[in-house]
Colleague: 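Would you mind keeping the following structure in view while I ask a few things?
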Amino acid sequence: MQDVDAKTRSTGPQRDSDLEARRKMERSFEAISPFEFRHELIKLARGHQRKSAKAMLDAGRGNPNWVAAAPREAFFALGQFAMQECRRVWDDGDLAGMPRRPGIRDRFQEFVSANPDLPGIDVLAEVVNEGEHRYGFAPDEWLHELVDGIVGDNYPTPDRMLTRTERVVAHFLAKEICAGGVHPDDLRLFAVEGATAAMCYIFDSLLANGLIERGGRVAIMVPIFPPYVEIPELDRYAFDVVEIRATGRDAQGRHTWQYPPEEIAKLADPSVQALFLVNPSNPPSVALDRDTVAQLVRTIREQNPNLMIISDDVYGTFVDGYRSLMAELPYNTMLVYSLSKFFGVTGWRLGAIALHRENVFDARLRRLPKSEQEKLCKRYGTVSRNPEALSFIDRMVADSRQVALNHTAGLSTPQQVQMAIMCAFTMTARGERYKQLTKEICHRRMGLLYDGLGLPLPNLPHDADYYTEIDLEHWSVNTFGEDFTQYMLDRYEPIDILFRLAEQSGIVLMNGGGFHGPKWSIRISLANLDDEAYAEIGHHLKAALQEYVDAWRNETQDTASKHDAE
């Protein structure tokens with residue numbers, strides 16, 4: 001990536017030639033992913049940090065600055081019991097045996113009684129009890145799955161997901177993401193390395209199975225996490241993308257980040273084979289409202305019933321009463337969920353793909369031309385004696401390991417155990433309190449940011465407040481009018497303010513245009529900095545915007561003075 005020299009970056013008074021040089025430099029970043037562009041801003045912000053000795057404030061990425069402590073402590077407590085079980089079987093110094101199932105539940109109870117002060121032991125005991133009483137797991141089988149899984153001494157079996165872990169995560173998704181709109185026993189899950197791995201597997205398997213051909217038409221609801229737009233543009237896929245744009249506004253002309261009827265109507269076209277969305281959205285961080293969902297459901301059921309929906313619901317827990325499209329259109333929807341944001345586990349890489357047992361993906365496989373089905377039988381012939389009956393979700397598992405390595409597929413078992421503990425914890429009273437804490441953090445920081453900006457809180461229904469997207473053009477028109485706005489649009493590039501903030505204040509934000517939002521919008525993560533940082537970001541953002549206003553007023557006064565002199 002090119003470096004930006006100090007003269008080009010300068011934000012002080014400049015000649016027209018300097019302004020044009022700066023704009024040319026800034027335009028060169030337009031085609032770059034906002035996550036790559038962020039690296040350039042970080043370099044500038046670090047330069048400011050060195051000069052001013054003030055800490056850089058990076059509100060670019062969505063990594064939360066909290067962690068779910070209780071289920072982590074339970075995980076590590078389980079690890080101690082697991083190693084005790086291994087040494088019980090075979091203890092030869094640095095070598096131990098594989099844990100055994102018979103009687104393990106009784107031995108665990110003895111371990112709990114002997115270690116009442118061990119951090120996490122109470123949560124672990126509650127998780128074990130939840131498995132037995134809520135889900136009806138046989139005690140020894142459930143505990144052995146956890147112990148053997150955390151030790152990691154066996155290949156993941158079944159490869160798609162550990163049996164009881166799958167049920168626990170299915171219950172979590174049914175309750176927390178689908179608001180009870182789907183029965184957990186109807187969900188089939190594939191444990192994956194976070195939502196990013198899920199995206200790779202989904203795109204590859206859709207193409208490999210002929211459910212979307214290269215160049216096929218897909219719809220994407222924007223703004224959205226950029227890879228959902230960038231991947232379809234790769235030559236391997238070259239999808240014909242129809243953007244469904246969140247252009248909705250309220251009576252005062254403010255963004256609602258909802259989708260007007262004419263945008264949803266684009267999905268009535270049966271040539272649109274798949275719909276990709278992040279719900280709640282990224283970066284507006286707003287969930288689909290009831291009217292939008294109702295129209296979407298009608299449109300698909302009545303006009304495009306074979307549409308495949310891929311819904312990334314990672315921010316769902318941050319919205320009260322959130323209900324995924326999986327609950328409304330279970331036949332059409334593939335649910336993607338990552339634990340990264342809610343639990344603060346971006347480094348763990350924990351996620352799942354969920355499909356209803358009756359789904360359009362399998363139905364479309366059955367309707368493929370005979371020649372295509374024969375080709376796919378050959379592809380999956382080493383996996384099953386009846387490859388034609390292999391479900392789409394099981395094909396994704398095989399595809400994730402180039403089919404030939406299907407026997408070693410699957411997310412590592414310690415990762416799956418951590419996932420199970422976290423999801424089971426959420427279903428408890430302590431887990432409910434934890435969920436409310438995460439919501440309060442985001443809402444509080446949203447208020448501090450807008451206080452610093454001197455602007456009223458957006459007060460959007462269905463808002464997760466995990467991010468906020470600020471449309472500077474809309475702010476400009478409503479605050480200073482059309483003349484100033486036109487001046488700003490004519491003189492500056494949309495990302496100019498991001499350079500200013502990084503160099504002058506050590507603040508890193510992201511360009512909303514890179515998420516296919518309004519060109520002059522910026523994205524601020526409300527998750528990854530301490531509370532007081534957001535008041536500071538609001539203050540510096542307001543000051544940077546004022547620089548544009550001051551420059552306009554100075555030029556207007558100069559022009560008026562020259563006119564009077566003439």
Side-chain angles (χ1 to χ4, degrees), residues 67-169 191-193 339 343-345 347-350 401 405-425 427-428 430-431:
V67 300
R72 278 179 169 86
E73 289 173 338
F75 178 84
F76 293 122
L78 175 66
Q80 293 191 45
F81 172 68
M83 291 316 300
Q84 180 176 298
E85 284 294 291
C86 291
R87 290 195 178 278
R88 189 186 71 84
V89 173
W90 185 357
D91 189 358
D92 189 1
D94 293 334
L95 183 148
M98 300 170 76
R100 292 177 181 168
R101 183 183 297 110
I104 194 171
R105 180 63 175 87
D106 291 338
R107 293 191 297 275
F108 174 72
Q109 192 56 53
E110 293 171 5
F111 178 81
V112 171
S113 299
N115 296 277
D117 298 324
L118 182 64
I121 194 66
D122 53 342
V123 174
L124 178 60
E126 190 170 6
V127 166
V128 171
N129 289 334
E130 280 281 301
E132 296 169 10
H133 300 127
R134 183 189 292 265
Y135 312 119
F137 299 152
D140 279 1
E141 279 76 1
W142 167 227
L143 194 58
H144 185 262
E145 180 173 303
L146 294 175
V147 168
D148 192 63
I150 200 171
V151 171
D153 57 330
N154 279 303
Y155 291 108
T157 306
D159 47 19
R160 180 159 55 79
M161 197 166 187
L162 299 178
T163 303
R164 294 157 198 84
T165 296
E166 180 182 16
R167 293 299 92 219
V168 171
V169 179
V192 294
E193 304 89 337
L339 280 69
F343 294 99
V345 290
W348 261 106
R349 316 311 297 147
L350 305 178
R401 297 298 184 268
L405 289 165
N406 180 72
H407 62 287
T408 58
L411 183 68
S412 79
T413 58
Q415 287 173 282
Q416 294 195 49
V417 168
Q418 178 69 101
M419 196 186 310
I421 293 174
M422 287 181 165
C423 289
F425 165 74
M427 308 290 279
T428 68
R430 286 183 62 170

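No experiment lies behind these values; they were computed from the predicted model shown.
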Colleague: Any side-chain donor paired with an acceptor under 3.5 Å for Thr163 and Glu145?
Modeller: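 Judged by distance alone, the side chains do not pair up.
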Colleague: Filter on ring-ring contact (aromatic ring centres under 6.0 Å, His included), then keep only pairs touching residues 76-122, sequence neighbours left out; what's left?
Modeller: Phe81-Phe108, Phe81-Phe111
Colleague: Quick one: CZ on Arg401 to NE2 on His407, what's the gap to the nearest 0.5 Å?
Modeller: 11.0 Å
Colleague: Please lay out, stage by stage, how Glu141 and Arg164 fare under the test salt bridge (Lys or Arg N to Asp or Glu O under 4.0 Å).
Modeller: CA-CA 9 Å; Glu141 279 76 1; Arg164 294 157 198 84; 5.6 Å; no
Colleague: Show the nearest heavy-atom pair for residues Pro116 and Ile121, with the distance to one decimal.
Modeller: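 Smallest interatomic distance, heavy atoms only, reads O-CG2, 3.8 Å.
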Colleague: Do any N or O atoms from the side chain of Gln415 and from the backbone of Trp348 form a donor-acceptor pair under 3.5 angstrom?
Modeller: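 Looks like yes, one N/O pair under 3.5 Å.
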Colleague: Apply side-chain contact (heavy atoms from CB on, under 4.5 Å) to residues Val345 and Val67 and explain how you reach the verdict.
Modeller: CA-CA 7 Å; Val345 290; Val67 300; over 6 Å; no
Colleague: What heavy-atom pair brings Ala77 and Pro119 nearest, and what distance separates the two atoms?
Modeller: CB-O, 3.7 Å
Colleague: Could you name each residue pair satisfying salt bridge (Lys or Arg N to Asp or Glu O under 4.0 Å) that touches residues 96-105, not counting sequence neighbours?
Modeller: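 For residues 96-105: Arg105-Glu132.
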Colleague: So, for Val89 and Pro99, which heavy atoms are closest and what is the spacing to 0.1 Å?
Modeller: CG2-CA, 4.4 Å
Colleague: Any side-chain heavy-atom pair from Arg430 and Asp122 closer than 4.5 angstrom?
Modeller: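 The answer is yes, as the side chains (C-beta and beyond) meet within the 4.5 Å cut-off.
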Colleague: Which distance, rounded to the nearest 0.5 Å, do you find between the CE of Met83 and the CD1 of Ile150?
Modeller: 10.5 Å
Colleague: Sub-3.5 Å donor-acceptor pair from the side chain of Glu130 to the main-chain atoms of Thr428, do we have one?
Modeller: no
Colleague: Where do Glu193 and Leu411 land on the side-chain contact (heavy atoms from CB on, under 4.5 Å) test, with the steps shown first?
Modeller: CA-CA 7 Å; Glu193 304 89 337; Leu411 183 68; 3.6 Å; yes
Colleague: How long is the straight-line distance from CG of Asn129 back to CZ of Arg134, given to the nearest 0.5 Å?
Modeller: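 Taking CZ in Arg134 and CG in Asn129, the distance rounds to 12.0 Å.
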Colleague: Parallel, tilted or perpendicular, judged at 30° and 60°: which one describes the rings of Phe137 and Trp142?
Modeller: tilted
Colleague: Looking only at heavy atoms, what is the nearest atom pair of Ala424 and Val168, with distance?
Modeller: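 That would be N-CG1, 3.8 Å.
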Colleague: Evaluate the side-chain proximity of Val128 to Leu146: yes if any heavy-atom separation is below 4.5 Å, no if none is.
Modeller: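 Side-chain contact under 4.5 Å: yes.
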Colleague: Please report the shortest heavy-atom distance between Thr413 and Gly152, naming the atom on each side.
Modeller: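 For Thr413 versus Gly152, the nearest heavy atoms are OG1-CA, 3.4 Å.
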Colleague: Is a donor on one side and an acceptor on the other found under 3.5 Å between the side chain of His144 and the backbone of Asp140?
Modeller: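 Here the side-chain-to-backbone pair does not exist.
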Colleague: Would a distance-only check, ignoring hydrogens and angles, find a side-chain to backbone donor-acceptor pair under 3.5 Å from Arg88 to Gly97?
Modeller: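 Side chain of Arg88 to backbone of Gly97: no pair is present.
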Colleague: Is there side-chain contact between Glu85 and Val151, with heavy atoms separated by less than 4.5 Å?
Modeller: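 No. Closest side-chain heavy atoms not under 4.5 Å.
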Colleague: Evaluate side-chain contact (heavy atoms from CB on, under 4.5 Å) for Met98 paired with Asn154, printing each intermediate quantity in order.
Modeller: CA-CA 9 Å; Met98 300 170 76; Asn154 279 303; 3.6 Å; yes
Colleague: Which atom names give the shortest non-hydrogen contact between Val123 and Ala70, and what distance separates them?
Modeller: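 For Val123 and Ala70, the tightest heavy-atom pair comes out as CG2-CB, 3.9 Å.
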Colleague: Counting distance only, does the side-chain N/O of Arg87 pair as donor-acceptor with the main-chain N or O of Ala82 below 3.5 Å?
Modeller: no
